[in-house]
Structures are given as structure tokens and as C-alpha cells.
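For reference, the structure discussed in these notes is given below.
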2 protein chains.
Amino acid sequence: MSHDAVRQKFQDFLAEQGLRVTNQRLAIFDAALAQKEHFTAEQLLVHAKAIDDSVSRATVYRTLPLMTGSHALREVDIGSGEKFYLRVTDSNQVAQVVCLDCDKIFEISAPFMEWYGSTVSLKLGLKPVAQRLQVSAQCIAYRSNGRCPNRLKK
Amino acid sequence: MSHDAVRQKFQDFLAEQGLRVTNQRLAIFDAALAQKEHFTAEQLLVHAKAIDDSVSRATVYRTLPLMTGSHALREVDIGSGEKFYLRVTDSNQVAQVVCLDCDKIFEISAPFMEWYGSTVSLKLGLKPVAQRLQVSAQCIAYRSNGRCPNRLKK
DNA sequence: ATCGTTGCAAAGTATTTGCATCGGT
DNA sequence: ACCGATGCAAATACTTTGCAACGAT
């Protein structure tokens, strides 16, 4: 789906919910969709401010649930204090592999997850809503020579 | 394994690390192992205080990593702000099913998880350390008649 | 002209830390 | 006696919220 189509879908979502289409919301939306990798609320604020300087941190936090609610973004929680977000491309059947050395998050497909969630939830009398699988791992390269090929920060 | 055996293992772990066996650490340990269900740091503080009133919040937070490090407890993060802990009984190959209606956490076995973690991590050049699978679901009973059989709070 | 939306700063929530004192070894 | 461990309160990190001004419909 093109950017414009996804953008339109977001605007339709806002309309359906009786919410207004504001410049700030669109700036945050465009900034979010431009990200190729996982990003935090704080990083999104910086990029959104570059588009529209009037965007505030509060509005970013208030807009993120709207974007996940309209399925434009997916929330990725790796249990590290802050939450990450990622543009929705394919399906929800993805797992995250988090490198403990370089903090990089890899997304990989996990086609069996949905089946598993359904099977197990129904057995408990529950209706599955979402599932997530996260693998924590360490760089083999880092272990052996002290350098992590994917290292970003620190 | 009996409580005494696990307790001894914890004390051995402390000794190995050059750490001291204090009354506070033992009170926190005993309180944690007495819990049958998932608990938070705050809940653990209450129970540990009942055993030894001198236990403080800071010591609970400082002791939790020691207990997970010695594999007496397992950390369970459901992405809800606070972390949960659970006594280790069997293996690590368990997944959590979280009911969005009643906040109850069900633990279920997921024997394929470890295989999956290894396969995928190695493909990325990573050494798997841990994996977790979490399914979010809703009570079917609650959806239909407004009551959740497992409801605890709220 | 409404009434939802915004920015700001203050508040909230979960957890961590500095420091003087305490207590295991 | 040494030096790690503790309680307390302050600090931190991320996110949420109250409120008066703003702006989309």
C-alpha cells in the first residue's frame, strides 16, 4: 500500500472515531511512516518536530495509540522500559530477535504463532487478540572478537 | 525440589558471587517462593515485610535480580509497565496467555519455542539466550455475559 | 460557535541510586 | 574490623494528565 493510501486510511479512521484531522497528527503520522526501523516515542518527537515544529511530546504520546489503533503502526515491547514502534507492512505473524550486545531488533516471520495463540487461548476459554514472540540473543561476532557488527549506540 | 533445597541453592549462589546471606535477603526469598501466582515487586515487599519488617523496597529491587540470576525466579514482562515474577518450577519453555479483561496471567507450555529461538538466532549470527511468547486474549465468558470468571481486581 | 485538541508543566508510576549507618564474615 | 548491605529519600526514566488557549468542523 502506498504512503498516500495508508495516510488516507488513517484519516478515515480518525473520522470514524469522531476525531479531528490536525496538522500535528498528520506530521506525527508522516514522521512515523517514514521510519524504516523501530523507533521510540522520543525519536518520533524529533522527526515530527522537523516537519511541524509545533508538535509536542504530549501529542506524540496521545497520537501513538491512534496509529496503533488504526493498524498503521505496531507496538513492540522488548521489556526495556521504553516502547518501540514499527510501521505495519505485512502481517502480525512476526517475532523479534533482540541482540543483547547491540540492542538491535530484528523482525522475523513466525507463521506458526497465530495458530498457537488460537489453540491455546480457546482451550482456556479465551479469544486471542494478539501474540508476540521475542528471542533475546547475543552477537556471536561480539563474543569472539569484541565487535558487534550491528552495534548502534552505547 | 523442596523449599529447603532451593533455599540452599540460593545461599550457595550468593556465596559463589561473594555476596552475603542477610536476613533481609532470606525474608525476600522465602516470601517470593511462597507465592503460587505471578507477583510484582510491590506485592513481594508486602509479603517480605510480614516476615521481616526491616525489609525495604530498595532491597527488594536489589534482591530480585539475584533471585532471577540464581534461577529461583523467572521474570515475566507482559508490557504493562510493571514486571511480574514467578517461581521457577519446570522449564523455561512456557508462554503466557494474558486475559485483557481480568488481567490474569496463565502459563502454558510451549515446547517448540526453544527450537524456534535457536533456529532463527543462528540464522542471524546470534546466540539465543532466552525467548518468550505472550498471547493477549479476552474472556469469552466476559464478552457474552459481562462477568469474567477469573477476574481479580478493577 | 462548538467542542475536540494542543502545549506546557506538573504529576504519576515503576525502578534505581547516593549516602550515612548497620551487620555478616 | 573490614567492606558489603541496608533504609531512606531523592533521583531517574518514561508516560500521562489538568488546564487554559487554540483551531477544525
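Numbers restart at 1 for each chain; the letters A, B, ... are given by sequence-line order, proteins then strands.
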### Task
Let me have a per-nucleotide readout for nucleotides 19-25 of chain D, 5' to 3', with B, S or -, counting only protein heavy atoms under 4.0 Å.
----BBS

### Message
How would you summarise protein contacts on nucleotides 9-15 of chain C per nucleotide, using B for base, S for sugar-phosphate only and - for none, with heavy-atom distances below 4.0 Å?
### Response
-----SB

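L64(A) has its CG atom 12 Å from the P atom of dT6(C), to the nearest Å. Spacing between atom CG of L44(A) and atom C1' of dC14(D) amounts to 15 Å, rounded to whole angstrom units. Across the protein-nucleic acid pair, Q43(A) atom CD and dC14(D) atom C1' stand 13 Å apart, rounded to whole Å. We find that CG of D53(A) is positioned 15 Å from P of dT6(C), with the value rounded to whole Å. What separates CG of L66(B) from P of dT16(C) is a distance of 12 Å, to the nearest Å. Distance, L14(B) CG to dT6(D) P: 10 Å, rounded to whole Å.
Annotation: side chain of R57(A) is in contact with side chain of E42(A) (closest heavy-atom distance under 4.5 Å).
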### Query
Stepwise, does the salt bridge (Lys or Arg N to Asp or Glu O under 4.0 Å) test hold for E107(B) with R74(B)?
CA-CA 12 Å; E107(B) 297 249 342; R74(B) 190 153 43 78; 2.9 Å; yes

### Task
Carefully, step by step, assess L33(B) and L73(B) under the rule side chain to side chain contact (heavy atoms under 4.5 Å, CB included).
CA-CA 8 Å; L33(B) 273 270; L73(B) 295 185; 4.3 Å; yes

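For the pair K104(A) and F106(A), the cation-pi test (distance below 6.0 Å, angle within 45°) is passed.
Note: the hydrophobic cluster containing Y85(B) does not contain I51(B) (ILVMFWY, side chain heavy atoms under 4.5 Å, direct or indirect links).
F112(A) and Y116(B) have perpendicular rings, their planes meeting at more than 60° on a 0 to 90° scale where under 30° would count as parallel.
Side-chain N or O atoms of R132(A) include one that pairs as donor or acceptor with a backbone N or O of D77(A) at under 3.5 Å. Using a distance-only test at 3.5 Å, with no hydrogens or angles considered, a donor-acceptor pair links the side chain of R25(B) to the main chain of R20(B).
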